[in-house]
Amino acid sequence: MKQLMLGNEAVARGLYEAGCSFVSSYPGTPSTEITETVAKFKEVYAEWAPNEKVAMESAFGASLNGKRSFCAMKHVGLNVAADPLFTIAYTGVNAGFIIAVADDAGMHSSQNEQDSRHYAVSAKLPMLEPSDSAEALAFTKLAYELSEKFDTAVMIKMCTRVSHSQSIVETSDRVEAAPIPYERKAQKFIMTPANAIKRHPIVEERTKALTEWAETAEINRVEGGKSAEYGIITSSTCYQYVKEALGDDFPVLKLGMINPLPVKKIRDFAASVKQVIVVEELDPVIENHCKTIGVDVKGKELFGLLGEISQNSVRKAFGYPMTAGVKLDESIPVRPPVMCAGCPHRGLFYVLKKNQLNVIGDIGCYTLGSAAPLGAMDSTICMGASVSGLHGFNKAGGAEFAKKTVAVIGDSTFMHSGVTGLINIAYNESASTVIILDNSITGMTGHQQNPTTGFNLKGDPCTKIDLETLCKAVGIKRVRVVDPYNLAECNQAVKEELAAEEPSVIISRRPCALLKYVKHPGPIEGDASKCVGCKSCMKIGCPAISMKKGKVSIDATLCTGCGVCSQLCNFGALGK
């Protein structure tokens, strides 16, 4: 049956059809929908793990016990899972094991551009790279075959454009994979130095075998062109750009396996054309391989190292006229990202800004606290870095800085990698104040459950981690909960905890305003007759508030009635 699917949905369908039994992931755009989709199949156990490292280790455990398994993450999540990744490359697998990583060239929703192909090369693991949804499904099924044939975990590299674009796929029935009996194999799976040193030669031999396979694999194919003036080597979404921009003008070597790369196939292709052009996003992985094997190519001097490639950048590189876009008659206003109306983080960030505090930030919706007019954030690095960074910042600066610096971190991010930083604060007796922004969900990636919500991936009730008890258990004696809609309460809590001579945690607790079960009191009213135009209410940056003819105006279609703005008005212009 033919269906229109997102690339991520197609990967999930491939997992189902290939008989995958176990999936563990951590949500991260643009990879999230893979796990959300596969969870809908009753034949597949699927879960959200606290972080990517746990997800990969859990999926490996399922493979060890003979079941086909899978984990998914975005590119920065692979950094978190790098520790098990490199050693799993040595152990190999029992049943088939796939690791999907979704890159985000252009940084649509990420803090950096990172090319995950380097991980495959460094770990010496095979990596497949689909260019559309049909290949996403087919390559997923192929990955299990390769995993079990070559005794290796197999990586599938997605990217934003493939993950979130739709194309036609043809589905088939699920084929149950027979469980592979578990056998104790100490020299294979116990990576002590004595065993690991014996596994390394096996990894190198495996790479040679995979390279031989890549030479004749159907997923590395040559497509003929009208002119041999140029030959193009490309993969993934860049292949689509090449075909759209140039059609069949030149021969194309389309690579479906990006590691290990073939040698003879590339040399033979290069010999059939006058000049080889490599079209790839971000780093010159294919280009460097070609040069290493003695093939003269052009690539990054034409396309650069930054951001996404497009159809027009391909046309420009080949001297073709660029296609003009369609210009709208109307001018569309800029729409920067902003905290939603009624966002529980807004009130707390207002208090931090009002007190002119240093704020060590983290990854989540609340990173928008860095934007004007709040501007209440000094750094954002990676998941969990706020808590660890606060400790170092305060230890380096002493009491002077500890009295005016806090860390902010969401509930999901705290469970991901913040708790270890808090343990460090308690253990090393850092007089630091950590604020956990508990909005009862993983908000930034689209409302996924996490260990603090009391529900699992499928929405079933499960163990709920109590943040207060957890913080106290790791050694934090001062733990208090505040309502971020109550500015006076937040202000008092922040001042008191910063004044304390010991570590402390403030839990700012109010569920995300967009959760379906949250009932709002309804929009407040702006009384223009009482408004003096002081614009105090504008300091919180709520999208429901604007000024019209010098007077406050409330957009009733956006306002939730949280009441934060009314606490800033001394003239009674905001209220029911």
Side-chain angles (χ1 to χ4, degrees), residues 339-371 374-378 380 383-384 386-387 390 404-416 418-419 421-422 425 432-444 447 450-454 464-472 476 478-500 503-515 518 520 539-542 560 562-565 567-568:
M339 289 181 185
C340 304
C343 176
H345 304 324
R346 180 172 283 108
L348 191 282
F349 273 102
Y350 171 78
V351 169
L352 300 181
K353 175 66 177 295
K354 176 185 175 182
N355 286 282
Q356 297 183 315
L357 300 180
N358 303 314
V359 181
I360 312 299
D362 224 292
I363 304 296
C365 298
Y366 47 90
T367 310
L368 293 170
S370 62
L374 293 169
M377 197 168 288
D378 292 72
T380 299
M383 301 280 279
S386 63
V387 184
L390 174 68
K404 60 179 182 180
T405 307
V406 299
V408 293
I409 187 169
D411 51 325
S412 179
T413 311
F414 181 73
M415 297 308 300
H416 177 283
V419 65
L422 190 63
I425 284 176
S432 298
T433 299
V434 175
I435 302 175
I436 301 175
L437 304 168
D438 182 8
N439 66 350
S440 306
I441 205 70
T442 308
M444 182 174 63
H447 290 172
N450 69 64
T452 73
T453 66
K464 180 178 181 179
I465 305 301
D466 185 279
L467 285 172
E468 296 96 305
T469 303
L470 176 60
C471 292
K472 291 177 180 178
I476 307 298
R478 299 180 64 94
V479 180
R480 65 197 295 178
V481 179
V482 298
D483 180 357
Y485 283 175
N486 188 326
L487 298 184
E489 181 184 14
C490 290
N491 190 58
Q492 180 181 358
V494 168
K495 287 184 174 180
E496 290 179 356
E497 297 313 317
L498 283 173
S504 62
V505 169
I506 300 171
I507 300 173
S508 174
R509 178 168 289 147
R510 171 73 70 157
C512 173
L514 299 183
L515 291 174
V518 174
H520 300 291
K539 294 178 180 178
I540 57 174
C542 179
T560 64
C562 71
V564 171
C565 63
Q567 297 172 60
L568 304 179

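Throughout, numbering of the chain's residues begins at 1 and tracks the sequence.
Shown here are the side chain to side chain contact (heavy atoms under 4.5 Å, CB included) partners of E497, two or more places apart in sequence or in another chain: T433, R478, R480, S504, I506. Every residue was checked against the side chain to side chain donor-acceptor pair (under 3.5 Å) condition with D378, not counting sequence neighbours, and none meets it. Residues that satisfy the ring pair (Phe, Tyr, Trp, His ring centres under 6.0 Å) test with F414, not counting sequence neighbours, are absent from this structure.
You'll find the side chain of I360 stays beyond 4.5 Å of the side chain of V408, heavy atoms only. In this structure the side chain of L390 never reaches within 4.5 angstrom of the side chain of V406, judged on heavy atoms. Between L515 and H447 the shortest side-chain heavy-atom distance falls below 4.5 Å.
Remark: the backbone N or O of V351 is paired with a side-chain donor or acceptor of N355 at under 3.5 angstrom. Y366 places no side-chain N or O within 3.5 Å of a backbone atom of I409 that could act as its donor or acceptor partner. Of the possible donor and acceptor atoms, one in the side chain of T367 sits under 3.5 Å from a partner among the backbone N and O of D362. Looking at K464, its side chain never comes within 3.5 Å of a backbone N or O of T453 through a donor-acceptor pair. A distance-only check finds no donor-acceptor pair linking the side chain of E489 to the backbone of V482 [under 3.5 Å]. A donor-acceptor pair is defined here as one N or O able to donate and one able to accept, closer than 3.5 Å; no such pair exists between the side chain of Y350 and the backbone of C565. Listed for the H520 side chain is a donor-acceptor partner under 3.5 Å among the backbone atoms of A513.
Interatomic distance, OG of S440 versus CG of D411, reported as 6.5 Å (0.5 Å rounding). A distance of 4.0 Å separates CE of M383 from NE2 of H416, quoted to the nearest 0.5 Å.
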